[in-house]
Trainee: 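The structure's right below; bear with me while I get my questions together.
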Amino acid sequence: MFEALPEKGLPGDQILSELTDLRSADLPTHGGRLFAYVYDPALDGLDELARAAYAISAHVNGLDPTAFPSLLAMENALVGAAARLLGGNDETVGSVTSGGTESLILAVKAARDSRPDLATPRLVIPSTAHAAFAKAAHYLRVALDVVPVGPDLRADPSAMAAAIGPDTVLVAASAPSYAHGVVDPIAEIAAIAAERGVRFHVDACFGGWVLPYLRRLGADLPAFDFAVPGVTSISVDLHKYAYAPKGVSILLHRDEALRLPQYFAYAGWPGYTMINPVISSTRSGGPIAAAVATLRHIGDAGYLDLAARTREAVSVLAEAVTATDGVRLFAPPETSVVCLASAESDGVDLFVLADELAARGWHTQPQMAFAELPATIHLTVTASVAPTATEFAPDLAAAVAAARAAGPADLPAPLLEAAAQLTPEMVTPELIGGLAEGLGLGGGDFTRMAAVNSLLNVAPPALREALLTGFLSLLQRPSRVTE
Ligand SMILES: *Cc1c(COP(=O)(O)O)cnc(C)c1O
């Protein structure tokens, strides 16, 4: 393993070749066979362009826009483009953040700080809302009211209405939800929030840069943006369907008064007066310049074309699922997600299926059972999938056949018995170390995950959190500290 701080500095060529070697163990970010984490438009030259733009601004600091007006100009341009795409007008304002999670934390912060009179401000979300809302509530000490979704996996407007109380500072919904890719009834919820005088955030982190184009292409999707009265803020991640490199999201507010409590200002120390619109103070111009370059190179017509390719890929993949015995579509493939579940009769073990798909080069995202929802497999579909989509059906059929032949992951009975007795408080580093060894994870090979996923799937959420926290903590150990 290489050292980050060798005794003597090394030549650049050597370092770059070592980094390239390291990267070869990663999942492929190009090729249209990875359905989570990365978003690929498969456009020649785009990586190089974004990288060059990144390099120009990497050392520029977003801390002070008067010192670096280039960043201010680029941020205003990005926010303007997002506002135009999402039904904004001349009143619309926004901020560039480092990602969807930060955008959501700031939407919750702005709402919380707009009501300093409340002892316990509250946030109302549907159960399918992104986990980042729970993180925001936790960090900001805002109480979280989670409302079950309807049988169609969409937020239930009347149940949401019933959850709004005098201490509710924000209501949120998704366009679309990450897990299933369905759009919540935004207009209905917006009307309810407006009537109650409560802010309403539309989390379009995932789909905000593709939904407008899908709608232009004729997809049957409802309005979800500022065109809907009562929507007070919207988040959209540029590092998702705008295809920018990681580290850029936008949080839009309908007007400046709504944004103002998002800022943090502090003059009570001997240094510079700190005025921050976002969580970070010092921040690199690199991701912002790369996003600007990406948007300007693809252009509006380019995004429309990418959305058309995405739409085509979604329909090919969805047809493959429908045509394959043993699996079924779990949610309507109305946006850019294909979500599949085991068939109701004669179904296949989904965790084994995910491994079999991976063995055939298709990297999907297993989702654990939750409340009354079964385990599912999630596919985030991007434009890069269009050329390979027709290869999916035969591989899915073969993977299902292989998964049937293999049967469900067989966990050693003593392990299952021990797991059934576990409570989150009992999860120690020693226990995690033993479990990791027992499940074959000790060597750092994560290609066959069915046993691990099956175990996690039967663990209650609090235990699952404790196990995965322990496991991540086990992985995140510094390489050699002392001789
Ligand atoms: C990805 C996502 C987020 C969180 O975004 P990060 O960039 O991963 O922090 C929030 N909401 C939705 C719907 C998302 O898909």
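Below, each value reflects all heavy atoms present in this structure, side chains not excepted, and no hydrogens, waters or symmetry copies. Whatever order the structure lists them in is the order used to number ligands and atoms, beginning at 1.
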Trainee: Tell me whether Arg122 is salt-bridged to Asp145, with the criterion being a basic N under 4.0 Å from an acidic carboxylate O.
Mentor: yes

Trainee: Checking Asn61 against Thr282: is there a side-chain donor and acceptor pair closer than 3.5 Å?
Mentor: yes

Trainee: Just jot down the side-chain contact (heavy atoms from CB on, under 4.5 Å) partners of His297, sequence neighbours excluded, or say none.
Mentor: Leu46, Leu49

Trainee: Using ring pair (Phe, Tyr, Trp, His ring centres under 6.0 Å) as the criterion, point out the one residue from Trp209, Tyr39, Tyr213 that pairs with Tyr241.
Mentor: Tyr39

Trainee: Could you pull out every protein residue that has a heavy atom closer than 4.0 Å to ligand 1, ordered by chain and then number?
Mentor: Gly99, Gly100, Thr101, Leu104, His130, Tyr178, Asp203, Cys205, Phe206, Asp237, His239, Lys240

Trainee: Have His201 and Ser235 got a donor and an acceptor in their side chains that come within less than 3.5 Å?
Mentor: yes

Trainee: Is it true that Ser249 and Glu102 share a donor-acceptor pair across their side chains at a distance under 3.5 Å?
Mentor: no

